[in-house]
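One structure below.
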Amino acid sequence: MERSIYKDLLKWKDSPRRKPLMIYGARQVGKTYILKEFGKREFENLVYINCYKNQPIETLFAEDTNVKRILLGLSALSGEKITPGKTLIFLDEVQEIPDVVASLKYFCEDAPEYHISVAGSLLGVMNMEGKSFPTGKVDILRMYPMTYMEFLDAMGESAKVQLLQSGGNETVINSILSSYTDLLRQYYFVGGMPEAVDTFIETGDPNEVRNVQKNILLAYEADIAKHSGADAPKARMVFESIPVQLAKENKKFIFGALRKGSRAAEYEKAIQWLIDASLVYKIPRVSKVAMPLNFYTDREGFKLFLLDVGLLGAMANVAPSMMMIGNSIFSEFKGAFTENYVLEQMVVLPDASIAYYSKENSSMVIDFILQTSKGIYPIEVKAEQNVKSKSLRQFITVDYASSHFHGYRFSMQGFENQDWMSNIPLFAIQPFLSNLLN
């Protein structure tokens with residue numbers, strides 16, 4: 001199974017300024033798989049160590065910070081010779097042994113010729129009691145669930161991926177919209193968790209896929225109960241409320257929907273825990289659209305989205321038949337699935353900041369404001385057949401006319417360009433934005 005992060009791993013391998021690599025993301029997004037594949041394909045040998053309940057490794061890293069001694073120990077424990085430039089050292093589940101993470105500083109300073117990588121929960125890594133994080137001494141990559149492009153590739157549809165990525169083929173793509181839409185409908189159901197995708201490809205059984213998704217959600221709930229301490233009940237309440245929150249018209253997170261009389265201060269730590277665990281994405285409201293967006297963030301207004309659209313369907317307990325037959329799923333629950341899907345395709349963009357805009361004392365809402373080094377891109381998401389863009393038109397041509405923004409509408413329609421706005425098919429979001437921003 002090919003993942004787009006592989007290109008970043010190759011850049012890291014060949015970089016003359018390479019530091020120890022840390023890759024993080026939510027449980028079961030494929031961190032272990034991709035680093036093992038990378039080690040097997042790109043190096044003569046791989047030293048893989050799982051730190052979970054590994055007493056010898058805990059002892060090895062606890063004694064001192066002598067890198068030469070640690071390398072000898074890793075070689076002895078793995079039975080593999082460790083050669084600079086030819087061996088990938090991969091330490092997994094590093095949040096279990098804080099000394100492993102702390103040691104990366106010394107690998108960076110004293111043994112930069114070695115390729116060493118680690119994976120684990122960012123939440124656990126950033127909360128190491130009594131240990132300092134090796135700030136500035138590691139290269140960090142974040143891994144997400146599979147995007148729609150990665151899903152297409154896994155489904156054997158590489159020709160469709162290439163067509164979308166090549167750019168300039170809008171007429172051809174518009175002529176085969178239905179084939180892309182059918183696969184997009186499947187992606188809405190399956191999502192991007194690798195085990196769910198593998199199960200769908202191997203069995204073709206939606207019920208088996210849903211069982212996988214339910215098990216992943218159970219594992220997340222167990223993590224919440226185990227690791228979020230006194231905030232566990234609140235974190236679980238927030239997590240389980242996301243389908244209901246996204247089914248609302250404006251999708252702004254409402255604390256009163258959790259429990260009558262609930263206040264933001266009661267849930268701040270719980271929400272931050274879910275964000276740090278990579279289980280949710282928090283998209284803030286901005287009161288003004290200008291660079292940098294962070295200057296205009298409204299702390300009181302935000303949306304919460306789930307890390308994966310397939311898991312969102314499982315949480316909402318939407319029947320597989322409803323999601324995989326017909327087009328109703330694109331607009332059901334006020335377009336909740338579609339907005340969650342759109343966000344997932346954008347968070348993987350490098351150096352992207354994402355917010356949403358709502359006008360004071362008005363019903364105007366711009367679903368997403370995307371900021372990159374190239375500029376600001378106002379985005380409206382249309383999940384229904386009605387694609388009139390009154391809010392976006394008002395925003396572009398009246399309220400922010402002096403800013404000369406160009407609007408983008410992501411919808412079920414094909415490619416279409418107007419003076420003030422371009423329509424982009426939902427299935428083409430990621431490659432379109434990647435080409436636009438390069």
Side-chain angles (χ1 to χ4, degrees), residues 3 5-25 27-143 227:
R3 301 296 303 271
I5 199 173
Y6 201 89
K7 296 177 183 177
D8 297 315
L9 294 175
L10 289 174
K11 290 179 182 178
W12 170 77
K13 176 180 182 289
D14 296 332
S15 172
R17 296 178 297 278
R18 181 190 66 251
K19 302 173 184 177
L21 175 67
M22 176 177 290
I23 185 168
Y24 73 89
R27 178 201 285 261
Q28 298 191 49
V29 295
K31 303 183 295 294
T32 299
Y33 168 82
I34 199 64
L35 277 173
K36 280 186 172 181
E37 281 295 300
F38 178 60
K40 293 173 185 176
R41 294 185 193 180
E42 308 299 335
F43 294 84
E44 291 187 8
N45 66 321
L46 167 69
V47 170
Y48 173 75
I49 302 287
N50 191 317
C51 297
Y52 181 67
K53 292 185 178 180
N54 193 326
Q55 188 60 53
I57 288 294
E58 186 171 358
T59 302
L60 176 66
F61 280 85
E63 290 184 3
D64 59 48
T65 57
N66 186 299
V67 173
K68 189 173 183 180
R69 179 191 62 79
I70 292 173
L71 287 168
L72 287 172
L74 290 174
S75 180
L77 288 168
S78 65
E80 294 279 351
K81 182 180 179 180
I82 298 177
T83 306
K86 297 181 179 180
T87 303
L88 176 65
I89 304 167
F90 174 22
L91 301 168
D92 204 0
E93 302 289 354
V94 291
Q95 74 278 358
E96 299 293 329
I97 306 178
D99 283 315
V100 173
V101 178
S103 74
L104 297 180
K105 172 184 177 181
Y106 305 102
F107 274 93
C108 177
E109 294 175 345
D110 302 333
E113 68 273 22
Y114 290 90
H115 289 79
I116 181 167
S117 59
V118 302
S121 161
L122 178 68
L123 183 72
V125 167
M126 297 298 287
N127 292 281
M128 304 183 302
E129 293 186 9
K131 301 294 178 181
S132 59
F133 186 83
T135 304
K137 303 297 182 179
V138 292
D139 293 323
I140 297 177
L141 290 177
R142 182 170 180 177
M143 194 166 187
H227 297 296

Short side-chain to backbone donor-acceptor contact, K31 and G25, under 3.5 Å:
yes

Side-chain donor/acceptor of K40 to backbone N/O of L46, under 3.5 Å
no

Given the ring of Y48, does K36 sit roughly above its face, with NZ or CZ under 6.0 Å from the centre of the six-membered ring and within 45° of the axis?
yes

Is the charged tip of K13 near the ring of F43: under 6.0 Å from the six-membered ring centre and within 45° of its axis?
yes

Might you point out which heavy atoms bring [X] and [Y] nearest each other, and give the distance in Å?
{"X": "G30", "Y": "R3", "answer": "CA-NH1, 4.4 Å"}
{"X": "A119", "Y": "Q95", "answer": "O-OE1, 4.4 Å"}
{"X": "E93", "Y": "C51", "answer": "O-CB, 3.5 Å"}
{"X": "R142", "Y": "I5", "answer": "O-CD1, 3.9 Å"}
{"X": "E42", "Y": "L10", "answer": "CD-CD2, 3.5 Å"}

[atom2] on [Y] to [atom1] on [X], rounded to 0.5 Å:
{"X": "L141", "Y": "K11", "atom1": "CG", "atom2": "NZ", "value": "10.5 Å"}
{"X": "K19", "Y": "K105", "atom1": "NZ", "atom2": "NZ", "value": "13.0 Å"}
{"X": "L72", "Y": "I82", "atom1": "CG", "atom2": "CD1", "value": "8.0 Å"}
{"X": "E37", "Y": "L9", "atom1": "CD", "atom2": "CG", "value": "11.5 Å"}
{"X": "I70", "Y": "F107", "atom1": "CD1", "atom2": "CZ", "value": "5.0 Å"}

Side chain to side chain contact (heavy atoms under 4.5 Å, CB included) with [X]: which of [options]?
{"X": "L71", "options": "N66, T87, I89", "answer": "I89"}
{"X": "I116", "options": "L91, V138, L21", "answer": "L91"}
{"X": "I49", "options": "D92, I97, N54", "answer": "N54"}

Go through the steps to decide whether L35 and V118 satisfy the test side-chain contact (heavy atoms from CB on, under 4.5 Å), and finish with yes or no.
CA-CA 9 Å; L35 277 173; V118 302; over 6 Å; no

Please enumerate all residues that pass side-chain hydrogen bond (donor to acceptor under 3.5 Å, both in side chains) together with E58, with sequence neighbours excluded.
none

Could you tell me whether the side chain of [Y] reaches within less than 4.5 Å of the side chain of [X], counting heavy atoms only?
{"X": "T65", "Y": "D110", "result": "no"}
{"X": "R69", "Y": "L60", "result": "yes"}
{"X": "Y114", "Y": "V67", "result": "no"}

Using a 6.0 Å cut-off, check whether atom OH of Y6 has over 12 heavy atoms from anything other than its own residue.
yes

Mind checking side chain to side chain contact (heavy atoms under 4.5 Å, CB included) for S15 and listing every partner two or more places apart, or none if nothing turns up?
R17, R18

T83 and E44: CA distance, side-chain angles, deciding distance, side-chain contact (heavy atoms from CB on, under 4.5 Å) verdict:
CA-CA 9 Å; T83 306; E44 291 187 8; over 6 Å; no

I'd like to know whether L74 forms a side-chain contact (heavy atoms from CB on, under 4.5 Å) with I57, so could you lay out the CA-CA distance, the side-chain angles of the two residues, the decisive distance to 0.1 Å, and finally the verdict.
CA-CA 8 Å; L74 290 174; I57 288 294; 3.8 Å; yes

Evaluate the ring planes of H115 and W12, with Trp represented by its six-membered ring, and classify them as parallel (under 30°), tilted (30 to 60°) or perpendicular (over 60°).
perpendicular

What do the steps show when you test L88 against S117 for side-chain contact (heavy atoms from CB on, under 4.5 Å), and what is the final call?
CA-CA 7 Å; L88 176 65; S117 59; 3.7 Å; yes

